[in-house]
Amino acid sequence: MSSDHAHDDVPPLTEEIAPGTAADPSVGGAERATVTVDGTTTTVEAGATLLDAVEAVETDDYVPALCNYDRQEIGPRSECRTCMVETERDGIVPACSHPAEDGMTIRTDAEAAAEARDVNLDLVLSNHNLRCTTCGKNGRCELQDAAIEQEVEEPRYGVLDDREEYEPLDDTSSFIQIDRNKCILCNRCVEACNDVQVEGVLRMEGSGQDTRIGFQSDAETMEDSTCVSCGHCATVCPTGSLVEKGIEDASTIPIPGFTQKNSVGKTMESSGQTKGPMTPKKRAETADDADSSADSDPTPHVPDDGSGGEWP
């Protein structure tokens, strides 16, 4: 593929930012397709995936899809692999990103597919702070729902509490609280920030076990980042990793001496300083407007020296 053709497929951006996955290719089928799911036939639209077919029928087994967000063209990412199903032709595949093609037959209750979903869900849980009673998403968390539905009592690979230390809670923003210990690396927030809102604040950084939510500006905290507090990242987050301030304790279960903040050991607090417009573009425009106003303002400076405003 030529470089010119590749650039034609990239949506324009309004800021000079690194996009999340704005140029991801379509993963759905090219045409309407009739798919058989657990013996039930359903027809899905062009562009649909196997997950669309699964969600269109009453399946034999529960198929969570934690990294999938079926609105606003966010994903699919195939990050969590909790939506594995069995196909006759291709074997075990992630339903969220596998195209639905006419005549396909899939099963959600196949032993290998069910085991794959269970293993991958346990892997996600093993890298997650499971202190649900002090979490702002308690009772409205997609990971919690999946664990309850799958009757997970103890993840086979241990839990995050087995590790020596947590990442500090980022409570510096006046609008969004970040708890990276609850992040499942689904990438929803990054896509919402970069591809939907086109603000270019968030990114995934690091590798392996050190992969985490970071900031494209290399800021250390949310307060120091270029965040404009739109809240879209918190809206699409499936867990308590990103929660709107003011409701971070709304669904917690009070336990004396045990709260969301002290459950992770260390919290980064706000500096209390008031910030202006947060994106570089808006900050530059505001500075230009201020300079223009100062140059055109004919009003002389009046000293506050008790002289009634008269110059000596």
Participant: Would a hydrophobic clustering, with Ile, Leu, Val, Met, Phe, Trp and Tyr connected at side-chain separations under 4.5 Å, put I92 with L66?
Facilitator: no
Participant: Classify the side-chain pair Q150/D118 by whether it contains a donor and acceptor separated by less than 3.5 Å.
Facilitator: yes
Participant: For a quick check under 3.5 Å, do D170 and T172 share a side-chain donor-acceptor pair by atom type?
Facilitator: yes
Participant: Who pairs with D102 by side-chain hydrogen bond (donor to acceptor under 3.5 Å, both in side chains), at least two apart in sequence or on another chain?
Facilitator: none
Participant: For S241 and D179, test the side chains for any donor-to-acceptor distance below 3.5 angstrom and give the result as yes or no.
Facilitator: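 Note: S241 and D179 side chains miss the donor-acceptor criterion.
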Participant: If you define the side chain from C-beta out and look only at heavy atoms, does anything of F175 sit under 4.5 Å from M222?
Facilitator: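 Contact flag for F175/M222 side chains = no.
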Participant: Verify whether one side chain among H128 and N181 offers a donor that lies under 3.5 Å from an acceptor in the other.
Facilitator: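 Their side chains do not contain a donor-acceptor pair, so the 3.5 Å distance test is not met.
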Participant: A side-chain contact here means heavy atoms from C-beta on lying under 4.5 Å apart; do C186 and P238 qualify?
Facilitator: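 Counting from C-beta outward, C186 and P238 do come under 4.5 Å.
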Participant: State yes or no: do V44 and L50 share one hydrophobic cluster built from I, L, V, M, F, W and Y residues joined by side-chain heavy-atom distances below 4.5 Å, directly or via other members?
Facilitator: no
Participant: Within the side chain of N120, is there an N or O that forms a donor-acceptor pair under 3.5 Å with the backbone of A116?
Facilitator: yes
Participant: What distance separates L242 CG from Q177 CD, expressed to the nearest 0.5 Å?
Facilitator: 9.5 Å
Participant: With hydrophobic residues grouped by side-chain heavy-atom distances under 4.5 Å, do M84 and V57 end up in a single group?
Facilitator: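 Cluster IDs for M84 and V57 differ.
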Participant: Report yes if the side chains of N127 and Y157 come closer than 4.5 Å at any heavy-atom pair, otherwise no.
Facilitator: no
Participant: Does a donor on one side chain sit under 3.5 Å from an acceptor on the other, for T43 and T34?
Facilitator: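 T43 vs T34: donor-acceptor pair found between side chains.
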Participant: Under a 4.5 Å cut-off applied to non-hydrogen side-chain atoms, are L121 and V152 in contact?
Facilitator: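 Yes; the side chains approach each other to less than 4.5 Å.
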